[in-house]
Amino acid sequence: MDSSFSEPVEPVEPVETVEPMGPVGPAGRGPGPASSPSSAAPPPSPPAPPSPPAPTPRRPWTLRTRLVVSAVVLIAVVAAVIGTVTSLALQSYLQGQLDHQVGEVLMHAQRPRPPHGPRGATDPGTGLRTGLDTDLDFVAMGGTPMRTVGARFGPDGSIQDGAKNNNSTSRLPSERLDGLTGAQTAALAAVPRDGAPHTAELPGLGDYRVRSSPDGTIVLGMPLREVDATVAKLIRVEAWVTVSGLVAAGIAGAVMVGVALRPLRRVAATATRVSELPLHQGEVALHVRVPAAEADARTEVGQVGAALNRMLGHVASALSARQESEMRVRRFVADASHELRTPLASIRGYAELTRRGPERPGPETRHALGRIESEAQRMTGLVEDLLLLARLDSGRPLSCESTDLTALVVAAVSDARAAGPGHRWRLALPDDPVLVYGDDGRLHQILVNLLANARTHTPEGTTVTARVRASGSGVVGAPAVCLEVEDDGPGIPSALLPRVFERFARGDASRSRAAGSTGLGLAIVQAVVGAHGGTVGVESAPGRTVFTVTLPAAPPAERPPVEAALAEPPLAESSTSESSTSERSLSERSPSEPPPPTDPAPSERPSPLGS
């Protein structure tokens with residue numbers, strides 16, 4: 001029900017809600033509100049956490065990058081394995097030599113000693129006995145490295161003497177020895193005395209290879225400093241050599257892979273050239289092929305090139321077959337349309353002759369003759385449209401010259417106003433003539449089809465505006481002219497908008513003949529505009545539909561002097577005008593013509609498709 005016919009409703013006073021009362025409270029203070037768990041307000045829900053931002057897609061690596069990186073990584077892994085094995089082997093070899101040297105010193109220390117003089121007293125500073133000879137002479141014997149340590153154990157298993165080799169040049173062994181600290185002596189005592197070499201850390205001295213005599217009375221250790229220094233230097237050299245090799249391998253690999261992939265790039269360039277060819281229409285000469293040097297099936301790239309050549313051959317054969325089929329269809333349509341023109345003219349002539357003959361036909365006969373003439377006329381229009389499309393598809397050249405587009409628009413709108421007096425026809429033309437380079441007959445047909453399309457598929461009372469304006473640039477950047485036909489009708493359905501310029505495209509799914517449309521009008525518009533090197537488009541929404549045609553402007557050298565091209569029936573200018581464009585209304589063309597209806601009966605149109 002419409003709201004304008006509903007009765008007014010008086011406002012209703014708000015009703016105050018009374019909460020139920022519970023039992024009497026303590027101490028006779030009166031009733032209190034009844035408490036209920038369900039009456040409590042639910043806690044507010046926590047806010048939803050913000051959605052994480054979409055991850056940025058990672059840029060894929062090229063084949064060249066992947067190959068070079070894979071080769072460099074493989075070389076790095078091999079170099080790391082070789083360096084590790086070499087370092088461990090060298091360390092094991094140097095430790096073996098050090099262990100052999102420790103064993104030889106121990107064997108020398110266990111030999112019988114010649115008698116010697118009395119021993120001296122113990123030095124309180126070093127903890128060693130002073131004199132010409134000591135029990136730790138083997139620590140400072142010739143060939144032992146500096147900071148060699150040694151100790152003798154007593155029968156009770158405790159260390160009796162311990163010393164280390166110093167840097168003294170004295171010939172007396174006692175002067176080339178220094179005592180050990182308590183922590184160092186304890187570290188030596190903790191080494192197992194099983195005759196096998198062991199690695200031990202002595203406080204303040206570092207790591208040592210320590211070995212005991214078979215009887216366990218002597219312990220000797222030599223430092224690992226030189227071994228560790230040699231292994232560390234080898235590791236540094238290997239690291240520098242590996243890094244330098246990887247850099248050189250990366251540069252050389254990039255160059256070699258680039259050279260190896262050059263045939264593949266040529267194959268890709270061939271495919272790119274093929275993709276840029278206009279294969280969708282017309283006769284296509286697909287002669288692009290991969291060179292024979294890149295189509296050798298004995299190589300991987302050659303297999304790709306050979307496969308691409310075979311595919312291009314199949315595509316060329318398919319395109320040739322398609323073109324031949326299209327040409328047969330076009331020749332058939334053109335021949336059939338040409339051959340049908342004479343029989344249709346004969347049918348119309350004989351029907352008109354019978355209707356106008358001396359014998360008066362009856363009502364049924366007159367109705368039948370009228371239908372014959374109407375259908376023959378409609379069939380003639382369809383045949384003419386098909387013949388025109390066939391000629392345009394065959395690429396027949398147009399007789400182009402400099403043409404005044406404003407004069408064509410005025411003439412076409414005048415004819416449209418005579419055919420559709422129920423519409424409001426308006427012009428929006430510049431003050432000066434607008435010249436285009438084209439065939440005036442075909443340009444007039446563009447205007448007739450667009451205006452007939454608007455008249456046929458919009459209800460009476462619709463305003464149709466034909467507008468001409470200069471455009472910045474055309475398809476190839478040359479000066480162009482823009483022609484627009486706009487109406488304020490119901491618009492084109494969005495489902496039909498993409499195929500509005502197709503042949504036999506109609507908004508009426510039942511293909512009824514009530515609208516008088518064959519579905520070829522807009523297809524002819526697109527074909528004629530394309531033959532002129534222009535473009536055509538459409539924008540539609542409820543209340544506004546605009547067909548836009550862009551045509552190349554005439555060169556300045558071919559512009560003729562302004563003639564009386566607009567010598568048409570006088571048009572009453574509207575009250576409003578722009579600086580460069582004047583609005584002309586054809587709804588008030590002359591007082592003798594009937595004005596357009598003020599309250600037209602609305603009617604729905606299927607869509608402004610081909611007339």
Side-chain angles (χ1 to χ4, degrees), residues 80-110 125-128 134-154 157-170 173-242:
V81 171
I82 294 176
T84 302
V85 172
T86 303
S87 301
L88 293 177
L90 178 62
Q91 184 180 22
S92 177
Y93 173 75
L94 295 179
Q95 285 186 357
Q97 283 189 336
L98 191 62
D99 295 339
H100 180 69
Q101 187 177 3
V102 171
E104 288 183 350
V105 174
L106 285 176
M107 291 177 58
H108 181 75
Q110 288 180 334
T126 62
L128 299 175
T134 65
D135 294 335
L136 298 176
D137 295 344
F138 63 91
V139 178
M141 65 180 297
T144 57
M146 188 179 62
R147 293 189 178 183
T148 301
V149 297
R152 285 186 179 273
F153 287 82
S158 61
I159 294 180
Q160 294 180 349
D161 295 323
K164 67 177 179 178
N165 188 1
N166 57 25
N167 199 19
S168 176
T169 59
S170 176
S174 60
E175 295 180 359
R176 296 198 302 267
L177 296 177
D178 293 333
L180 299 177
T181 63
Q184 296 169 353
T185 303
L188 283 177
V191 176
R193 289 176 290 168
D194 54 1
H198 299 277
T199 300
E201 182 181 359
L202 301 183
L205 298 178
D207 294 336
Y208 277 73
R209 292 293 287 182
V210 182
R211 187 176 181 180
S212 64
S213 60
D215 57 0
T217 58
I218 300 174
V219 174
L220 181 67
M222 292 186 180
L224 289 171
R225 178 177 298 178
E226 294 183 1
V227 174
D228 294 340
T230 303
V231 174
K233 185 177 181 179
L234 176 64
I235 292 176
R236 288 194 298 270
V237 172
E238 289 176 343
W240 281 109
V241 171
T242 301

Can you measure from CG (L180) to CG (L205) and round to the nearest 0.5 angstrom?
7.5 Å
Could I get the full list of salt bridge (Lys or Arg N to Asp or Glu O under 4.0 Å) partners for R209, not counting sequence neighbours?
D99
Approximate separation, where rounding is to 0.5 Å, of M107 CE and S213 OG:
12.0 Å
Quick one: CD on Q91 to CD1 on I235, what's the gap to the nearest 0.5 Å?
8.0 Å
Heavy-atom closest contact (L177 atom, A163 atom, distance)
CB-CB, 4.1 Å
Please report the C-alpha distance between Q95 and V227 in whole Å, then the side-chain angles of each, then the deciding distance to 0.1 Å, and finally whether the side-chain contact (heavy atoms from CB on, under 4.5 Å) criterion is met.
CA-CA 7 Å; Q95 285 186 357; V227 174; 4.3 Å; yes
Point-to-point distance, once rounded to the nearest 0.5 Å, from CG of N165 to CZ of R147
10.5 Å
Using the side-chain contact (heavy atoms from CB on, under 4.5 Å) criterion, which residues pair with A183? Sequence neighbours excluded.
T181, P203
Rounded distance [0.5 Å steps], CZ in F153 versus CG in D161:
11.5 Å
Indicate the atoms forming the closest heavy-atom contact of T148 with G221, along with that distance.
CG2-O, 3.2 Å
With distance as the sole test, does T217 use its side chain to make a donor-acceptor pair with the main-chain N or O of R152 at under 3.5 Å?
no
Could you report the tightest heavy-atom contact between P192 and S212, atom names first, then the distance?
O-OG, 4.2 Å
Between S92 and A89 (side chain of the first, backbone of the second, donor and acceptor by atom type, cut-off under 3.5 Å), is there such a pair?
no
Decide whether E104 and H108 meet the rule of one side-chain donor and one side-chain acceptor closer than 3.5 Å.
no
Compare every heavy atom of A200 with every heavy atom of V210, then report the nearest pair and how far apart it is.
CG2-CB, 4.1 Å
When you look at L224 and L98, which way does the side-chain contact (heavy atoms from CB on, under 4.5 Å) test go after all the steps?
CA-CA 8 Å; L224 289 171; L98 191 62; 3.5 Å; yes
Could you list the residues that satisfy side-chain contact (heavy atoms from CB on, under 4.5 Å) with T86, not counting sequence neighbours?
I82, L234, E238
Quick one: CG on D207 to CG on L202, what's the gap to the nearest 0.5 Å?
8.5 Å
CD of E226: more than 12 outside heavy atoms within 6.0 angstrom?
no
Which pair of non-hydrogen atoms, one from A187 and one from E201, has the smallest distance, and what is that distance?
CB-O, 3.9 Å
Is the backbone of A196 close enough, under 3.5 Å, to the side chain of R211 for a donor and an acceptor to pair up by distance?
no
Are T199 and Y208 close enough, and set up right, to give a side-chain contact (heavy atoms from CB on, under 4.5 Å), and what steps lead you there?
CA-CA 6 Å; T199 300; Y208 277 73; over 6 Å; no
